[in-house]
Each structure stands twice: as C-alpha cells, then as structure tokens.
There are 2 protein chains.
Amino acid sequence: MVKARHSRFDCTPGCSVEAAIGLIDGKWKSIILWHLLSGTLRFNEIRRHMQNCTPRMLTNQLREMEEDGLITRKVYAQVPPKVEYSLSDLGRTMEPILRALKTWGDENIGLYGKPVGHDPRDTA
Amino acid sequence: MVKARHSRFDCTPGCSVEAAIGLIDGKWKSIILWHLLSGTLRFNEIRRHMQNCTPRMLTNQLREMEEDGLITRKVYAQVPPKVEYSLSDLGRTMEPILRALKTWGDENIGLYGKPVGHDPRDTA
DNA sequence: CATGACAGTATCCTTTTCGACACTATGTGC
DNA sequence: GCACATAGTGTCGAAAAGGATACTGTCATG
C-alpha cells in the first residue's frame, strides 16, 4: 500500500476508487488474491506460486489483508503446523475487479510489463 | 508504483493482474484516471480535484502515465501556457477496471478507508 | 509597478516499502 | 542424532515513494 492516502474518503467521487486500490496494491496482494480465487491455500503453497517473495513479505501481505477482512486464516493445532488461507466473503466480492485486471493485463501487457505498443524491445 | 515488480510477466497466470495494477497504483494515478474518464482536463483543473497533491507529484504521475501510454498530453503554444490531458485509447480501455473499483469501493469502503465491518470507529 | 494565472522545476528531507539473511519450535523419517 | 518440513519472526539496510517549500518565465490585469 502506498502510504495512508487519506484519512477520510468523502472528499471526491474518485476516492472510493483509490480506497479500493489501496487494499490490493502492495507488491504481492493482487497475486495472492488471484491465486486464492481458485481455492484455499497453505502458506508454503502460496510461496511456491511466488518464487521470489520472502516469507517475511508474504506474512506481511497476508496479515494486512486479514486485517482488512479480505482473507481468513485458519490455524490447525498440529505439528508440523498447518495454516490455511482463503478468501472471505468480502474478498470474494473482489472477483470482478481481479478479473477485470486480469483481462486487461492479458490483452494489453507485453511480456515485459509495459503496455503493448510501448514495448522496451523497440528501443533496446 | 511499488517498485519494479518483475522484469518479465510470463511467470505465472497471476502476473498480468499485477502488471495491470502496477500501472494504476501510485498515490494519485487512479484518481487522475477516474477524473479523466469524464473528459479532458488541464493541469490545474486536475490539481483542484486533488487538493493535497503537490504539483511535483502531479507532474510525476502524469508523466509516468504518459510514458505508459495511458494518457496523452497536448501542449498549446500559448501564454499563459495551456496543457490538456486526456485518456488515450489504451487509457479508455481501463474504464471497466476503474468502474469495478469504484463500484466495489462505494459498496464496501466506509468513510475511513477501511472495508465496512472493519470500521476503526468500533475501537476508537 | 505589482500581482496573479499558468504549467511546471529544483532541492531537500522524511517516510514507507521491500529484500537478504538468519533464526525459532516441534515432530517425523533416516 | 541429523536433517527436513511447517509457518513463521527479527534485524538490518537499501531503495523508492512521497511531501514541503521555493522558484522559473511570460503575459494580462489592476
């Protein structure tokens, strides 16, 4: 999340857009949510989906999303530990956003993270 | 934007989601885009919509989005200067995303930037 | 002559985010 | 008795993002 953006969100009609984004930016959140759309996952299962995310970061992002009520965390009192993450009802309501992002990305983003037509290969 | 996230986006199916977000995070981008949906705006018109955005930040965000091809910048050789910003065709394709975010935000975000049901007034 | 509007720049500084790396506890399998 | 898997935590430091403030040049207006 890019800092606290506003303390209140009644300023202008655009603010709820920003507020919504505020919950899903952060370097890994959108990806985590995306993967959780397909079902419950354990901590290390998520890690394996995102090879270069350190456990510290993953914990961070998961905790923040849990606080925001987007995901739920279920701990099994076992050894070795087992913790399952899944979308909450609220989290599931984000599906349209995630899908819109995915669709747009698939259509408009090249393999290098820039919109097509602005492909760095052109100048590199 | 939260740093360069990946250099390539063919890693996992979730990456295009992240790539798409990468283009619209940054503290003011989503709001700017939202306002531009209603039509072309001049620099200071945008500023007036976002009272606590410094000119430096605004220039920053506008330049980045211009580089990403989301908006176009039209300079009129006049004095006093006149510069108009508007959505590019690519930018306009983001409308579904922006609307999804707006809808979700309106339905789920309280006045304090947290999802409803997690309202800080409960504890404050 | 001073002021204001316009669209920015320049410089400095603080805050936030992210990454590397090491480390925890416990039970199972070898 | 050693390593491995699980789900993390702790500390440190670098990099990036963002904020505050002052400044630019030109023309029109008062």
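Order of the sequence lines fixes the chain letters, A, B, ..., with proteins taken first and strands second; residue numbering starts at 1 for each chain.
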With respect to the side chain of [X], which nucleotide from [options] is positioned closest?
| X | options | value |
| --- | --- | --- |
| B:Val83 | C:dG8, D:dA7, C:dG19 | C:dG8 |
| A:Thr59 | D:dT9, C:dG19, C:dA7 | D:dT9 |
| B:Arg42 | D:dG18, C:dC6, D:dA7 | C:dC6 |

Distance, rounded to the nearest Å, where [X] contributes [atom1] and [N] contributes [atom2]:
| X | N | atom1 | atom2 | result |
| --- | --- | --- | --- | --- |
| A:Lys82 | C:dG27 | NZ | P | 18 Å |
| B:Asn52 | D:dG18 | CG | P | 13 Å |
| A:Phe43 | C:dT24 | CZ | C1' | 14 Å |
| B:Asn60 | C:dT11 | CG | P | 15 Å |
| A:Met57 | C:dT16 | CE | C1' | 11 Å |
| A:Asn44 | D:dT6 | CG | P | 5 Å |
| B:Glu66 | C:dA7 | CD | P | 15 Å |
| A:Arg47 | D:dA7 | CZ | C1' | 10 Å |

How about [X] and [Y]: do any of their side-chain heavy atoms sit closer than 4.5 Å?
| X | Y | value |
| --- | --- | --- |
| B:Tyr85 | B:Ile32 | no |
| A:Leu58 | A:Trp28 | no |
| A:Ile24 | A:Leu101 | yes |
| B:Ser88 | B:Ile71 | no |
| B:Lys74 | B:Ser86 | no |

Assign A:Tyr76 to base, sugar-phosphate, or nothing according to its heavy-atom contacts below 4.0 angstrom with the strands shown.
->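 It contacts nothing in the nucleic acid.
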With heavy atoms under 4.0 Å as the rule, sort A:Arg73 into base, sugar-phosphate or nothing.
->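 If one applies the 4.0 Å heavy-atom cut-off, A:Arg73 turns out to touch the sugar-phosphate alone, with no base involved.
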Polar side-chain contact A:Arg56-C:dG19 base: donor and acceptor under 3.5 Å = yes
Can you sort out the partners of A:Glu45 under side chain to side chain contact (heavy atoms under 4.5 Å, CB included), two or more places apart, ordered by chain and number?
-> A:Leu41, A:Arg42, A:Arg48
Phosphate contact ([N] OP1 or OP2) by [X] side-chain N/O below 4.0 Å:
| X | N | result |
| --- | --- | --- |
| B:Gln61 | D:dG18 | yes |
| B:Lys27 | D:dG19 | yes |
| A:Trp28 | C:dT17 | no |

Using the rule that two of Ile, Leu, Val, Met, Phe, Trp, Tyr join whenever any of their side-chain heavy atoms come within less than 4.5 Å, decide whether A:Tyr76 and A:Val79 are in one cluster.
-> no
Are A:Lys29 and A:Asp25 close enough, and set up right, to give a salt bridge (charged side-chain N to carboxylate O under 4.0 Å, His left out), and what steps lead you there?
-> CA-CA 6 Å; A:Lys29 290 188 184 176; A:Asp25 68 3; 5.5 Å; no
So which one's nearest nucleotide on DNA chain C is more toward 5', B:Arg48 or B:Arg63?
->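 Result: B:Arg48.
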Do other residues, nucleotides or ligands put more than 12 heavy atoms under 6.0 Å from A:Lys82 NZ?
->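 Yes.
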So how far off straight is the helix from C:dC1-D:dG30 to C:dC30-D:dG1, going by the axes through five pairs at either end, to 10°?
->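 Computed from the C1' atoms at both ends, the axes differ by 10°.
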Have a look at B:Leu98 and tell me which of B:Leu37, B:Ile31, B:Leu36, B:Thr103 forms a side-chain contact (heavy atoms from CB on, under 4.5 Å) with it.
-> B:Leu37
Between the protein and nucleotides 22-26 of chain D, which nitrogen or oxygen pairs are less than 3.5 angstrom apart?
none

